[in-house]
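In what follows, a single structure is set out as structure tokens and then discussed.
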Amino acid sequence: MFIRSITAPNPGPFTLDGTRTYLVDDSIVIDPGPDIASHIDAIVDAMPALTTIFITHRHADHAPAALPLKQRTNARIIAPAGVLDETDRIVRGGDVAEGLEVLATPGHTSEHVCYLTSNGDLFTGDTILGFGTTAIFPPDGNMRDYLASLRTLRAREPKRIWPAHGPTREDAVALIDEYIAHRLRREQQVIDALHAGAQTPTEIRQIIYPDLDPRLARAAEIQITAHLEKLKEEGLA
């Protein structure tokens, strides 16, 4: 399986250097990205025989380019339920489409899926990034589901991770282990802050991130809220 990528011109705090659209062999696109004309032109130029567009989840930096690509190439769209009304095939965990196994990975969003090849190439969307960590924004994002999804991916022992943001990782299993360990460390910090008397996400953030850039304070508190909701679901907070 021959894999290339085109990075959309949409860099930012959550997209890193931009959304990576993957071109698989001569006919498959994974995560077409945002509806930016230059990006769509680049995909069409690189994939004149495009037949299938896969989407991992509905966010605006992943899915919108699918419709203009479909209009220009007549490719069919494959995605989980809730991504696009114009989806030609709705997939769920356990399905296989065009040789790609669909793995249900809710957490970043409720409908998120990853795609795994028989050679161990794992397309992770926003479940795992090439560097840094993934944002979980409740109520659609769910930390408990997210950790379960990471363990689902770990159990498959992939060889390579092709994230929608950041570089390809050859250390797939080690990276997944790192992601799980990071979330569990953060959860323990939240528990310790509660034991120390903190009662709100802001108070917890001030303990865990005492020197945080104020511009990042709100995002950090949302992540803390996601951890608190997990602990509440488990009867621990």
Side-chain angles (χ1 to χ4, degrees), residues 1-91 95-103 105 108-109 111-119 121-132 134-135 137 140 158 160-170:
M1 186 169 282
F2 181 51
I3 302 171
R4 299 169 287 158
S5 70
I6 296 175
T7 302
N10 63 329
F14 296 108
T15 58
L16 306 182
D17 57 342
T19 302
R20 292 182 183 245
T21 294
Y22 289 102
L23 318 179
V24 181
D25 294 332
D26 295 321
S27 60
I28 293 173
V29 159
I30 299 177
D31 274 346
D35 187 358
I36 298 175
S38 62
H39 182 58
I40 294 167
D41 288 342
I43 296 171
V44 172
D45 290 344
M47 298 286 282
L50 177 62
T51 63
T52 311
I53 302 164
F54 285 83
I55 305 172
T56 59
H57 65 294
R58 68 180 183 276
H59 281 166
D61 57 322
H62 290 257
L67 293 181
L69 276 175
K70 178 181 176 66
Q71 291 167 0
R72 292 179 59 173
T73 65
N74 202 34
R76 64 180 186 141
I77 297 172
I78 295 178
V83 173
L84 290 174
D85 292 338
E86 298 82 354
T87 300
D88 296 290
R89 177 180 174 185
I90 292 175
V91 291
D95 290 347
V96 176
E98 304 288 335
L100 298 177
E101 181 183 356
V102 182
L103 303 176
T105 51
H108 177 68
T109 63
E111 83 286 353
H112 199 296
V113 299
C114 296
Y115 298 104
L116 179 65
T117 75
S118 60
N119 294 325
D121 292 298
L122 180 63
F123 299 91
T124 55
D126 279 355
T127 296
I128 299 175
L129 309 183
F131 59 84
T134 296
F137 292 109
D140 188 48
R160 286 163 297 278
I161 286 175
W162 304 82
H165 307 286
T168 304
R169 298 292 296 258
E170 300 285 343

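The minimum heavy-atom distance between A63 and V83, with the atom names listed, is CB-CG1, 4.0 Å. Shortest non-hydrogen contact noted between D31 and A164 is OD2-CB, 4.0 Å. Smallest separation of non-hydrogen atoms from D25 and R4: O-NH2, 3.7 Å. Smallest separation of non-hydrogen atoms from T87 and I77: CG2-O, 3.5 Å. For I6 against A42, the heavy-atom pair with the smallest separation is CD1-O, 3.6 Å. Minimum heavy-atom separation, D35 to P68: OD1-CG, 3.8 Å.
Take H39 and apply the side-chain hydrogen bond (donor to acceptor under 3.5 Å, both in side chains) test, not counting sequence neighbours, and it matches T21. Residues forming a side-chain hydrogen bond (donor to acceptor under 3.5 Å, both in side chains) with R169 (at least two apart in sequence, or on another chain): D171.
Not a single donor-acceptor pair under 3.5 Å links the side chain of D61 to the backbone N or O of P34. Using modelled atom types, one side-chain atom of H165 and one backbone atom of G18 make a donor-acceptor pair closer than 3.5 Å. Here the side chain of E111 pairs a donor or acceptor atom with the backbone of R58 at under 3.5 angstrom. A donor-acceptor pair is defined here as one N or O able to donate and one able to accept, closer than 3.5 Å; such a pair exists between the side chain of T51 and the backbone of S27. Of the possible polar contacts, one joining the T134 side chain to the D126 backbone as a donor-acceptor pair under 3.5 Å is found. Between the D121 side chain and the W162 main chain, no donor and acceptor come within less than 3.5 Å of each other.
Contact annotation: the side chain of I30 approaches that of L100 to within less than 4.5 Å [non-hydrogen atoms, C-beta and beyond]. Taking the side chain as every heavy atom from C-beta outward, K70 and D88 approach each other to under 4.5 Å. No side-chain heavy atom of P163 sits less than 4.5 Å from a side-chain heavy atom of I128.
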Chi angles and distances behind the side chain to side chain contact (heavy atoms under 4.5 Å, CB included) call for V29, L23: CA-CA 5 Å; V29 159; L23 318 179; 3.7 Å; yes
Worked check of side chain to side chain contact (heavy atoms under 4.5 Å, CB included) between L122 and L103: CA-CA 10 Å; L122 180 63; L103 303 176; 4.0 Å; yes
Step-by-step side chain to side chain contact (heavy atoms under 4.5 Å, CB included) determination, F123 to V24: CA-CA 11 Å; F123 299 91; V24 181; 3.9 Å; yes
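Here E98 does not pair with R89 in a salt bridge; the nearest charged N to carboxylate O distance is not below 4.0 Å.
Between H57 and H112, the ring planes are parallel. Angles under 30° get that label, and only those over 60° would be called perpendicular.
Evaluation of the side chain to side chain donor-acceptor pair (under 3.5 Å) test over residues 9-20, restricted to residues two or more places apart or in two chains, returns N10-T19, D17-R20.
For Y22 and Y115, the distance between ring centers is not under 6.0 angstrom.
If you take CE on M1 and CD1 on I28, they are separated by 6.0 Å, rounding to the nearest 0.5 Å. In this structure, OG1 on T73 lies 9.5 Å from CD1 on I43, to the nearest 0.5 angstrom. Here D140 contributes atom CG and H59 contributes atom NE2; the two are 6.5 Å apart, rounded to the nearest 0.5 Å.
Each of V113, T117, L116, V91 was compared with E101 under the side-chain contact (heavy atoms from CB on, under 4.5 Å) criterion, and only L116 meets it. A side-chain contact (heavy atoms from CB on, under 4.5 Å) with P32 holds for exactly one of L50, I40, I55; it is I55.
When the shell of 6.0 Å around CG of N74 is examined, it contains 12 or fewer heavy atoms from other residues, nucleotides or ligands.
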